[in-house]
Chemist: 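My questions will all concern the structure given below.
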Amino acid sequence: MTNLELAWALTEMGDLLELKGEEPFKVRAYHRAARALENLEEEAAALYARDALEEIPGVGKNLAKKIAELLTTGRSAFLENLRREVPPGLREMLAIPGLGSRSIRQIYQGLGITTLEELETAAQEKRIRTLPGMGSKTELAILRGVEMLKEVREQVPVGVARPLALLLRDQILAIPGVERVAIAGSVRRGCEMVGDVDLVVAVQPGNQVADVMPRYPQVKEVLASEPDRLSLRTTLGVKIEIILVPPEDFAATLFYATGSKAHRRRLISLAASRGLGVADLGLATPRWLAEEKAVLAAGQEGTAGEGEDAAGETGGLQIGAVGQEAPPAMVGRPAREDQPAEPFFYQRLGLPYIVPELREDRGEIEAALRGELPRLITLADIRGDLHMHSRYSDGVATIAAMAAAAQARGYQYIAITDHSRSLVVARGLSVEQLKAQREEIVRLKEELAGITILAGIEVDILADGRLDYEDDVLKEFDLVIASIHSGFRQEEEQVMTRLEAALRHPYVDILGHPTGRMLGRRRPYAVDVTRIIKLAAETGTILEINASPDRLDLNDTAARLAKEYGVPIAINTDAHDPNRLADMEYGVLTARRGWLEPENVVNTWELERLLARLKRNRGNCIKQ
DNA sequence: GCCGTTTTCGGCCCGACTGTTTTCAGTCG
């Protein structure tokens, strides 16, 4: 069992314990250990082999035993018992903002409600308010929350889906009879939320995929098993779609299954307008032919390009590209990916290669026809990370450790941006602590060669629009990110007033996670994104793509709008742990989906140029 | 459940906001 799967199991245990009413500190212990496992460099299995599980921070005797059981048997009696005790629907309810474990338990015990549907009905029928301490506002929060959850129902954030897809890819490659495996669908396109994980597998007759895969510990049930297709659901509820094809159909199927459906249909229409059929493009597989038929039948009405169907959401590994590099993280096993074929299909249409991230029918085909596809940013273009936390606030690592991890990634610079004083839960820094931190950074600057540490801050935009430090404090930093961490429920006018004040502030260089959304968990606060972008353009403020897979904020479309307005972007991880610097990958994916080129992203720039661009330094000499 | 220049028990991130209440519990960051 992988660290990620162990982490998921521990998280579930923590959630179920919380719903049972266990003491908060015990619950937190499970969640903390889960996070530690997620961020662990070494495989827990290796630690177990040398009897060192308790070296994992937050893992003691008890949790070590549970982890050992999961590692050796793939199961946990403790977890299975919890699952029997707590209805699974209750765990879903934890995601409703404003509803905690306590309220959920009360609703369960008082009304016997165990599913989201029952909860919604009870709220509509105003039965929630019959419970003590609950009223109309709670019912409204429930209705809103259920609505939000329904939207993302059956969907998982890319931060969950991608690691799972990579894991499955490697596992499937080891199955007898498997020639090649590729991740496809929305995972391959880098979508922020995905409905299922799609894999295309080239197999020989007599392969054992359908026999072996259902026995994987993370597989909960087999939804469908056919000669050319296997559909599974994991214990986490993620749907896995596996398309099995003979090796000669692999490339065309991967192309098909990567989607999007809208993009595919535009290609078919384009081909038809030139008197070409999919077969002429080298795409004579049943799926392509069937879709071509559908597109041509719908033909003149121009209905092609609407939405996406689940079957079309399949795809594969990034294969070689013409004219554009793939993000390094998307590259599969080179030995298995030695026959780049997708560029060929585009070539047949007289088009340059269009990478998966652009295949959304958002003008990419027109741009390709005009020869104006962007030269998309890649992970290799990133020279630094301008938003991360250290032990001084709520990070887990020292500044030196964060710097070392950044250096290992080949970065030239980082900014340490801990929280400001008002964010007490995150141990925001007092002015005195800022001084101590500054001294440490100055000391490290002398000790460390090859990487520059900027002394930054993530300063809170307070509920009344003021920043959390006075100007004379703010002017001392090398770089200031301003972010909202409170007053999420304010009206748009109020939120925008705060944001505008921050954007106009002479010492605010970057606006952090501009909309405050948490994928699948929290809606953005009431903001007018276009207005933020216009204000950023006007004031010379940089906007962030927060690369944390929980946020991806700005999102792809907003990033593209920012580019159109000439607003520079910083792709930052907001890492609280050295290993989370790797989240840069998700930020770059989002940026690519937003058509960003290296030039649009300030942390691809040389440090001197970046510093000179900061509001605080414009017109002044560059700070050293 | 973890952890210990606070070490085998008693802390563990803590204060503000919100909704439902008339004095506070629950939730959140």
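It should be emphasised that the depicted structure is a prediction, and the values quoted were computed from it without experimental measurement.
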Chemist: Check DNA chain B against residues 480-490 of chain A and give the residues with a non-hydrogen atom under 4.0 Å, in numerical order.
Modeler: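 Residues of residues 480-490 of chain A under 4.0 Å from DNA chain B: A:His485, A:Phe488, A:Arg489.
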
Chemist: Could you work out the separation of B:dT8 and B:dC3 based on their P atoms and round it to a whole Å?
Modeler: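 Straight-line distance between the two P atoms is 16 Å.
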
Chemist: Please tabulate, one pair per line, each protein N/O and nucleotide N/O from nucleotides 21-26 of chain B that are separated by under 3.5 Å, including the distance.
Modeler:
| unit_1 | atom_1 | unit_2 | atom_2 | d |
| --- | --- | --- | --- | --- |
| B:dG26 | OP1 | A:Arg102 | NE | 2.8 |
| B:dG26 | O3' | A:Ser103 | OG | 3.1 |

Chemist: Return the value, rounded to whole Å, for the distance between atom CD of A:Glu458 and atom P of B:dG29.
Modeler: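 Distance, rounded to whole Å: 14 Å.
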
Chemist: May I have the distance from A:Arg427 (atom CZ) to B:dC12 (atom P), rounded to whole angstrom?
Modeler: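 Roughly 12 Å, once rounded to whole Å.
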
Chemist: Using purine N1 to pyrimidine N3 plus N6-O4 or O6-N4 for Watson-Crick, or N1-O2 and O6-N3 for G-U wobble, each under 3.5 Å, what pairs with B:dG15?
Modeler: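 Across all strands, the one nucleotide that pairs with B:dG15 is B:dC28.
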
Chemist: List in chain and number order the residues that pass side chain to side chain contact (heavy atoms under 4.5 Å, CB included) with A:Pro87, two or more places apart in sequence or in another chain; answer none if no residue qualifies.
Modeler: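 With neighbours one apart ignored, the set is A:Leu90, A:Tyr108, A:Thr114.
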
Chemist: Test: salt bridge (Lys or Arg N to Asp or Glu O under 4.0 Å). Region: residues 108-124 of chain A. Which pairs qualify, not counting sequence neighbours?
Modeler: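 Qualifying pairs: A:Glu117-A:Arg153, A:Glu120-A:Lys150.
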
Chemist: Taking the side chain of A:Lys137 as heavy atoms from C-beta outward, which of B:dT20, B:dG29, B:dC13 is closest to it?
Modeler: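 Among B:dT20, B:dG29, B:dC13, the one nearest the side chain of A:Lys137 is B:dT20.
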
Chemist: Using a 4.0 Å cut-off on heavy atoms, which residues in residues 16-29 of chain A reach DNA chain B? List them by number, or say none.
Modeler: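 Those residues are A:Glu23, A:Phe25, A:Lys26, A:Arg28, A:Ala29.
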
Chemist: I'd like to know if A:Arg427 pairs up with A:Asp394 as an ion pair, taking the criterion as any Lys NZ or Arg NE/NH1/NH2 lying under 4.0 Å from an Asp or Glu carboxylate oxygen.
Modeler: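 Judged by the 4.0 Å cut-off on N to carboxylate O distance, A:Arg427 and A:Asp394 do not form a salt bridge.
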
Chemist: Can you tell me how far P of B:dC3 sits from CZ of A:Arg32, to the nearest Å?
Modeler: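 Result: 7 Å.
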
Chemist: Between A:Lys126 and A:Glu139, does any side-chain N to carboxylate O distance fall below 4.0 Å?
Modeler: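 No, A:Lys126 and A:Glu139 are not salt-bridged.
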
Chemist: In whole Å, measure the gap between the P atoms of B:dC13 and B:dT23 for me.
Modeler: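 My reading of the P atoms in B:dC13 and B:dT23 gives 32 Å.
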
Chemist: I need the CG-P distance between A:Asp460 and B:dC17, as an integer number of Å.
Modeler: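 Computing the A:Asp460:CG to B:dC17:P distance gives 12 Å.
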
Chemist: Taking the side chain as C-beta and beyond, is there a heavy-atom pair between A:Leu552 and A:Asn546 under 4.5 Å?
Modeler: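 Answer no - side chains too far apart.
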
Chemist: Is A:Glu500 salt-bridged to A:Arg504, going by a charged N under 4.0 Å from an acidic O?
Modeler: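 Judged by the 4.0 Å cut-off on N to carboxylate O distance, A:Glu500 and A:Arg504 do form a salt bridge.
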
Chemist: Using the C1' atom on both, measure B:dC12 against B:dT6 and round to a whole Å.
Modeler: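 Straight-line distance between the two C1' atoms is 12 Å.
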
Chemist: Which part of the nucleic acid does A:Arg522 contact within heavy-atom distance under 4.0 Å: base, sugar-phosphate only, or nothing?
Modeler: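 Since only primed, P, OP1 and OP2 atoms lie under 4.0 Å of A:Arg522, the category is sugar-phosphate.
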
Chemist: Between A:Glu55 (CD) and B:dC3 (P), how many Å, whole number?
Modeler: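 Distance check: A:Glu55 CD to B:dC3 P gives 12 Å.
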
Chemist: For A:Glu54 and A:Asp394, find the nucleotide of DNA chain B closest to each by heavy atoms; which residue's nucleotide sits nearer the 5' end?
Modeler: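 Its nearest nucleotide lies further toward 5', so the answer is A:Glu54.
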
Chemist: Does the distance from a Lys or Arg side-chain N to an Asp or Glu carboxylate O, for A:Arg580 and A:Asp583, drop under 4.0 Å?
Modeler: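 Counted as a salt bridge, because a side-chain N and a carboxylate O are separated by less than 4.0 Å.
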
Chemist: Taking the same atom, P, in B:dT20 and in B:dG15, what whole-Å distance lies between them?
Modeler: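 Each nucleotide's P atom is 25 Å from the other's.
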
Chemist: Within this structure, what is the CG-to-C1' distance between A:Asp468 and B:dG15, rounded to whole angstrom?
Modeler: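 From A:Asp468 CG to B:dG15 C1': 14 Å.
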
Chemist: Tell me, which of residues 59-68 of chain A have any heavy atom that sits under 4.0 Å from an atom in DNA chain B?
Modeler: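 Per residue number, the list reads A:Val59, A:Gly60, A:Lys61, A:Asn62, A:Leu63, A:Lys66.
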
Chemist: Side-chain donor-acceptor contacts of residues 19-26 of chain A below 3.5 Å, not counting sequence neighbours, with atom names and distances?
Modeler:
| unit_1 | atom_1 | unit_2 | atom_2 | d |
| --- | --- | --- | --- | --- |
| A:Lys20 | NZ | A:Glu85 | OE1 | 3.1 |
| A:Glu22 | OE2 | A:Lys26 | NZ | 3.1 |

Chemist: Please identify each residue that fulfils ring pair (Phe, Tyr, Trp, His ring centres under 6.0 Å) with A:His389, with sequence neighbours left out.
Modeler: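 Residues passing ring pair (Phe, Tyr, Trp, His ring centres under 6.0 Å) with A:His389: A:His387, A:His419, A:His576.
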
Chemist: Tell me, please, which residues at least two apart from A:Asp471 pass side chain to side chain contact (heavy atoms under 4.5 Å, CB included).
Modeler: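 For A:Asp471 the side chain to side chain contact (heavy atoms under 4.5 Å, CB included) partners, ignoring immediate neighbours, are A:Leu474, A:His505, A:Tyr507.
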
Chemist: Side-chain polar contacts of residues 51-68 of chain A - donor-acceptor pairs under 3.5 angstrom, sequence neighbours left out - could you list them?
Modeler:
| unit_1 | atom_1 | unit_2 | atom_2 | d |
| --- | --- | --- | --- | --- |
| A:Asn62 | OD1 | A:Lys66 | NZ | 2.6 |
| A:Lys66 | NZ | A:Tyr30 | OH | 3.3 |

Chemist: I need the CG-C1' distance between A:Leu429 and B:dC14, as an integer number of Å.
Modeler: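 One finds 16 Å between C1' of B:dC14 and CG of A:Leu429, rounded.
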
Chemist: I need the single residue from A:Gln437, A:Glu458, A:Arg391, A:Met388 that forms a side chain to side chain contact (heavy atoms under 4.5 Å, CB included) with A:Asp418. Which is it?
Modeler: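 Among the candidates, only A:Gln437 passes.
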
Chemist: Please determine if A:Asp553 and A:Arg517 form a salt bridge, counting it only when a charged side-chain N lies under 4.0 Å from a carboxylate O.
Modeler: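 Salt bridge: no.
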
Chemist: Judged by each residue's nearest nucleotide on DNA chain B, which is more toward the 5′ side, A:Glu139 or A:Phe78?
Modeler: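 Nearer the 5' end of the strand: A:Phe78.
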
Chemist: A:Thr234: which residues meet the side chain to side chain contact (heavy atoms under 4.5 Å, CB included) condition with it, sequence neighbours left out?
Modeler: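 Only A:Leu164, A:Leu236, A:Val238, A:Ile240 meet the side chain to side chain contact (heavy atoms under 4.5 Å, CB included) criterion with A:Thr234.
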
Chemist: Taking atom P of B:dC3 as reference, at what distance in whole Å does atom CD1 of A:Ile56 sit?
Modeler: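 Atom CD1 in A:Ile56 sits about 10 Å away from atom P in B:dC3.
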
Chemist: Holding to ring pair (Phe, Tyr, Trp, His ring centres under 6.0 Å), I want the full list of residues that pass it with A:Tyr525, two or more places apart in sequence or in another chain.
Modeler: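 Ring pair (Phe, Tyr, Trp, His ring centres under 6.0 Å) list for A:Tyr525, sorted by chain: A:Phe488.
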
